[in-house]
Amino acid sequence: MTESEINTILDKIRMEVRTKTGKNIDDFKAAFLERRIRYRMEINGIVNFDEYLKLLSTNLEEANNLYLAFSINVTQFFRDPHVWEKLEKEIIPNLINKSKVHTVYVWSCGCATGEEPYSVSITLNEALKSRDVKYEIFANDINLDAISRAKKGIYRDANLANINTERRVKYFQKLEYDQYQIKSNISNQIKYENIDMMRIAEKKFHMIFCRNVLIYYDKQRYMEIFKKFADSLTENGILILGQNESMFGTIGNKLFSTLYPKERIYQKREE
Ligand SMILES: C[S@@+](CC[C@H](N)C(=O)[O-])C[C@H]1O[C@@H](n2cnc3c(N)ncnc32)[C@H](O)[C@@H]1O
């Protein structure tokens, strides 16, 4: 197959998913799209794109499965610990002292199975405990199964590698075998929703975590995505990206200034 034939068939596959599921896979990087389609082809024992397109056009379940194949849920509590240290020591104290907020609003975008929003909740719980400041976290993901697991908040011992013993005792309830459940004072602060980030309409967040989500998206879409984040943040709001994501060479630089390049922490520019 030539490259142009592959592109034509990828377009047809995109359209089939959109028509069947109402979901949009147009914004993913072409190479990622192709990899995930090949992955689904292999599962279905199919070796060529035409045949896979035929399957898609007659099988709603496969269209849903293909859509879900774009959701890679790898995550960790306190992923990249140096980022959390910066948040704890610099970003959060600055936010509270300078802007004198009464409630800190946070969006964990692409929250997967909950480790990120729970890390935010633990961090804010500790940072705000001696102050009269509350916090609320909104967390979303396109993957319903991941959101259901996040809501349960049950993890295995191996998932808690970045959680020290003190925090483990304080914030987790030991269950049977090697399982731990996050305590309700930490989970009650989070509202989960199974929704695409581009459909979020709220505009009040002081901080947005969107880590290890954009790596799967085409850079041409970054403008739209960064604009969405800028619109959703309060004045001087903070955006935290993943370690392999950056604003370098994108429109993001016009909307955000870089606060800590190594940690990928950005601040919304004044309008
Ligand atoms: C690799 S995980 C990252 C989890 C967490 N943010 C972290 O850094 O550990 C990426 C998550 O983003 C979700 N995702 C991808 N595109 C999304 C979108 N448009 N809206 C909401 N979630 C999305 C995926 O379903 C997946 O669970």
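All ligand and atom numbering here is 1-based and tracks the order in the structure. All figures in this text were calculated on a predicted structure; none of them were measured in a lab.
- Within the listing of ligand 1, atoms 21 (C) sit less than 4.0 angstrom from a heavy atom of Asn140.
- Between Trp84 and Phe209, the ring-plane angle classifies as parallel under the 30° and 60° cut-offs.
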Candidate pair Tyr135 and Ser121, rule side chain to side chain donor-acceptor pair (under 3.5 Å), full reasoning: CA-CA 8 Å; Tyr135 69 94; Ser121 191; 2.8 Å; yes
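- With no hydrogens or angles considered, a side-chain donor-acceptor pair links Glu115 and Thr113 at under 3.5 Å.
- By the 3.5 Å distance cut-off applied to N or O atoms, Asn73 is counted among the residues near ligand 1.
- Of the protein's non-hydrogen atoms, the one nearest atom 4 (C) of ligand 1 is Gly110 O, 3.3 Å.
- Considering backbone and side-chain atoms alike, Asn143 places every N or O at 3.5 Å or more from each N or O of ligand 1.
- Close contacts between ligand 1 and Ala112 involve ligand atoms 4 (C), 27 (O) [criterion: under 4.0 Å to a heavy atom].
- Which of Phe70, Tyr217, Phe28 comes nearest to atom 17 (C) of ligand 1 through a heavy atom is settled by distance: it is Tyr217.
- The single protein non-hydrogen atom nearest to atom 26 (C) of ligand 1 is Ile72 O, 3.3 Å, given as residue, atom name and distance.
- The backbone and the side chain of Arg211 each have at least one atom closer than 4.0 Å to an atom of ligand 1 (non-hydrogen atoms only).
- Heavy atoms only, all atoms of each residue included: Asn244 and Ile215 are closest at O-CG2, 3.8 Å.
- For ligand 1, the atoms lying closer than 4.0 Å to a non-hydrogen atom of Thr75 are 4 (C), 5 (C), 7 (C), 9 (O).
- In summary, Arg168 and Asp157 engage in a salt bridge, as defined by a charged side-chain N under 4.0 Å from a carboxylate O.
- For ligand 1 and Glu116, the ligand atoms under 4.0 Å from any heavy atom of the residue are 5 (C), 6 (N), 7 (C), 8 (O).
- Both Leu214 and Phe256 belong to a common hydrophobic cluster when Ile, Leu, Val, Met, Phe, Trp and Tyr are linked at side-chain heavy-atom distances under 4.5 angstrom.
- Residues Gln76 and Ile163 form no side-chain contact, since every pair of their non-hydrogen atoms from C-beta on lies 4.5 Å or further apart.
- Proximity to Met197 (heavy-atom distance under 4.0 Å) selects the following atoms of ligand 1: 18 (C), 19 (N), 20 (N), 21 (C).
- From the protein, the heavy atom lying nearest to atom 22 (N) of ligand 1 is Ile142 N, 3.4 Å.
- Of all atoms in ligand 1, listed by their number and element, those nearer than 4.0 Å to a heavy atom of Asp196 are 19 (N), 20 (N).
- Annotation: atom 11 (C) of ligand 1 to nearest protein heavy atom, Asp141 OD2, 3.6 Å.
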Audit row: Ser71, Asn73, side chain to side chain donor-acceptor pair (under 3.5 Å) steps and yes/no: CA-CA 6 Å; Ser71 165; Asn73 303 138; 2.9 Å; yes
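- The shortest contact between atom 7 (C) of ligand 1 and any protein heavy atom is with Arg79 NH1, 3.2 Å.
- Ring orientation note: the planes of Phe28 and Phe70 are close to parallel, at an angle under 30° on the 30°/60° scale.
- Heavy atoms of other residues, nucleotides or ligands lying less than 6.0 angstrom from NZ of Lys174 number more than 12.
- Of all protein heavy atoms, the one lying nearest to atom 8 (O) of ligand 1 is Asn212 ND2, 2.8 Å.
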